[in-house]
Amino acid sequence: MFSRILIATDGSEVSLRAAKVAIDLAKRLGIGVYAFHVAAPYEDAIFVTDIYVDQDFYSSQTIAYATRSLSDIVKLAEEAGVPCASSYRLEKRTHTAILATAEAEHCDLIVMGSHGKRGLDRLLLGSETQKVILNTPLPVMVCR
């Protein structure tokens, strides 16, 4: 059915719940998972806030957060006996990075959380989950 699952995470509780579902499925199928985190590069992040943040500080904090988010998933996979590799990328277009990584890592299922954005936030920001679904031929499992 599937040979490898890509777990897209942003470090949120919803993403962690999705990771648990993906790891449970992988264990049942006897396959591995690949955990992946995408963060906005410094140039994009500084336009989101009126507060100036030093580039080195931003980079170190972003990498530390990505590493923590991924290590949580790796630990869950290890505890379940599921092979797990992971990586992160600083990328302007989250969905593009997720799709490229799924292809590069030979994943044939993408599991990610639905962040439940509603109203104006969803209209203005869009949903990365929706962008992934609309731009891939792979099945995408969305967890709440």
Side-chain angles (χ1 to χ4, degrees), residues 1-49 53 55-144:
M1 180 181 242
F2 300 113
S3 60
R4 193 171 197 200
I5 300 171
L6 182 121
I7 302 170
T9 183
D10 64 1
S12 67
E13 282 299 314
V14 174
S15 288
L16 193 57
R17 284 196 303 269
K20 289 175 183 176
V21 169
I23 291 166
D24 183 54
L25 178 60
K27 182 174 183 165
R28 292 171 189 258
L29 296 174
I31 62 174
V33 297
Y34 192 89
F36 184 62
H37 179 91
V38 183
Y42 176 77
E43 300 79 29
D44 291 340
I46 60 172
F47 292 113
V48 177
T49 179
V53 177
Q55 184 170 0
D56 291 335
F57 177 77
Y58 174 81
S59 295
S60 68
Q61 293 300 305
T62 300
I63 291 168
Y65 183 78
T67 302
R68 278 193 311 274
S69 299
L70 292 168
S71 67
D72 290 344
I73 294 172
V74 170
K75 182 179 177 187
L76 288 171
E78 285 175 355
E79 289 170 355
V82 172
C84 180
S86 66
S87 68
Y88 64 87
R89 184 180 307 168
L90 300 179
E91 178 71 42
K92 185 175 194 166
R93 304 181 110 204
T94 301
H95 71 284
T96 302
I98 291 169
L99 298 178
T101 301
E103 182 178 344
E105 295 298 328
H106 308 289
C107 298
D108 46 14
L109 173 65
I110 299 170
V111 176
M112 55 195 311
S114 166
H115 298 7
K117 291 184 179 177
R118 301 280 188 261
L120 191 56
D121 279 350
R122 183 180 179 123
L123 180 64
L124 293 176
L125 298 176
S127 166
E128 291 304 322
T129 303
Q130 183 178 10
K131 291 174 189 173
V132 168
I133 292 168
L134 292 174
N135 290 287
T136 186
L138 298 176
V140 179
M141 180 186 293
V142 180
C143 304
R144 288 187 163 242

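Partners of Glu103 according to the side chain to side chain donor-acceptor pair (under 3.5 Å) rule, which considers only residues two or more places apart in sequence or in another chain, do not exist here. The side chain to side chain donor-acceptor pair (under 3.5 Å) search around Asp108 returns Ser3, not counting sequence neighbours. Contacts of Asp72 classified as salt bridge (charged side-chain N to carboxylate O under 4.0 Å, His left out), with partners at least two apart in sequence or in another chain: none. A search for salt bridge (charged side-chain N to carboxylate O under 4.0 Å, His left out) contacts involving Glu78 returns nothing, not counting sequence neighbours. Residues passing the side chain to side chain donor-acceptor pair (under 3.5 Å) test with Ser15 are Asp10, Ser12, sequence neighbours excluded. Every side chain to side chain donor-acceptor pair (under 3.5 Å) that Thr101 has, sequence neighbours left out, goes to Arg89. Residues passing the side chain to side chain contact (heavy atoms under 4.5 Å, CB included) test with Lys27 are Ala80, Val82, sequence neighbours excluded.
Here the CD1 atom belonging to Ile63 is positioned 4.0 Å from the OH atom belonging to Tyr88, to the nearest 0.5 angstrom. Taking CD1 from Ile31 and CD1 from Ile5, the interatomic distance works out to 4.0 Å, rounded to the nearest 0.5 Å. Atom OG1 of residue Thr62 and atom OH of residue Tyr42 lie 11.0 Å apart, to the nearest 0.5 angstrom. For the atom pair OG (Ser114) and CZ (Arg17), the distance works out to 10.0 Å, reported to the nearest 0.5 Å.
The minimum heavy-atom distance between Val74 and Cys84, with the atom names listed, is CG2-SG, 3.9 Å. Taking all atoms of both residues into account, the shortest heavy-atom contact from Ala26 to Val33 is CB-CG1, 3.6 Å. The two residues Gly113 and Ala18 have their closest heavy-atom pair at N-CB, 3.8 Å. Between Cys143 and Val111, the shortest heavy-atom contact is SG-CG1, 4.1 Å. The minimum heavy-atom distance linking Ala8 with Ile98 is given by the pair CB-CD1, 3.8 Å.
Here the side chains of Leu16 and Thr9 are not in contact, with every heavy-atom distance at 4.5 Å or above. Within the 4.5 Å cutoff, no side-chain heavy atoms of Val21 are placed close to those of Leu25. Taking 4.5 Å as the limit, some side-chain heavy atom of Ile23 sits within range of a side-chain heavy atom of Ile7.
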Which atom pairs, donor and acceptor, lie under 3.5 Å between side-chain atoms of residues 135-142 and protein residues at least two apart or in another chain?
residue	atom	partner	partner atom	Å
Asn135	ND2	Lys131	O	2.7
Thr136	OG1	Leu138	N	3.0

Does the pair Asp24 and Arg28 meet the rule for a salt bridge (charged side-chain N to carboxylate O under 4.0 Å, His left out), with working shown?
-> CA-CA 6 Å; Asp24 183 54; Arg28 292 171 189 258; 3.0 Å; yes

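The closest donor-acceptor contact from the side chain of Ser71 to the backbone of Arg68 lies under 3.5 Å. Distance alone, capped at 3.5 Å, is enough to place a donor-acceptor pair between the Arg4 side chain and the Glu105 backbone.
Heavy-atom neighbours of Glu13 CD from other residues, nucleotides or ligands within 6.0 Å: at or below the threshold of 12.
Sequence neighbours left out, the pairs with a member in residues 5-37 that pass ring-ring contact (aromatic ring centres under 6.0 Å, His included) are His37-Tyr65.
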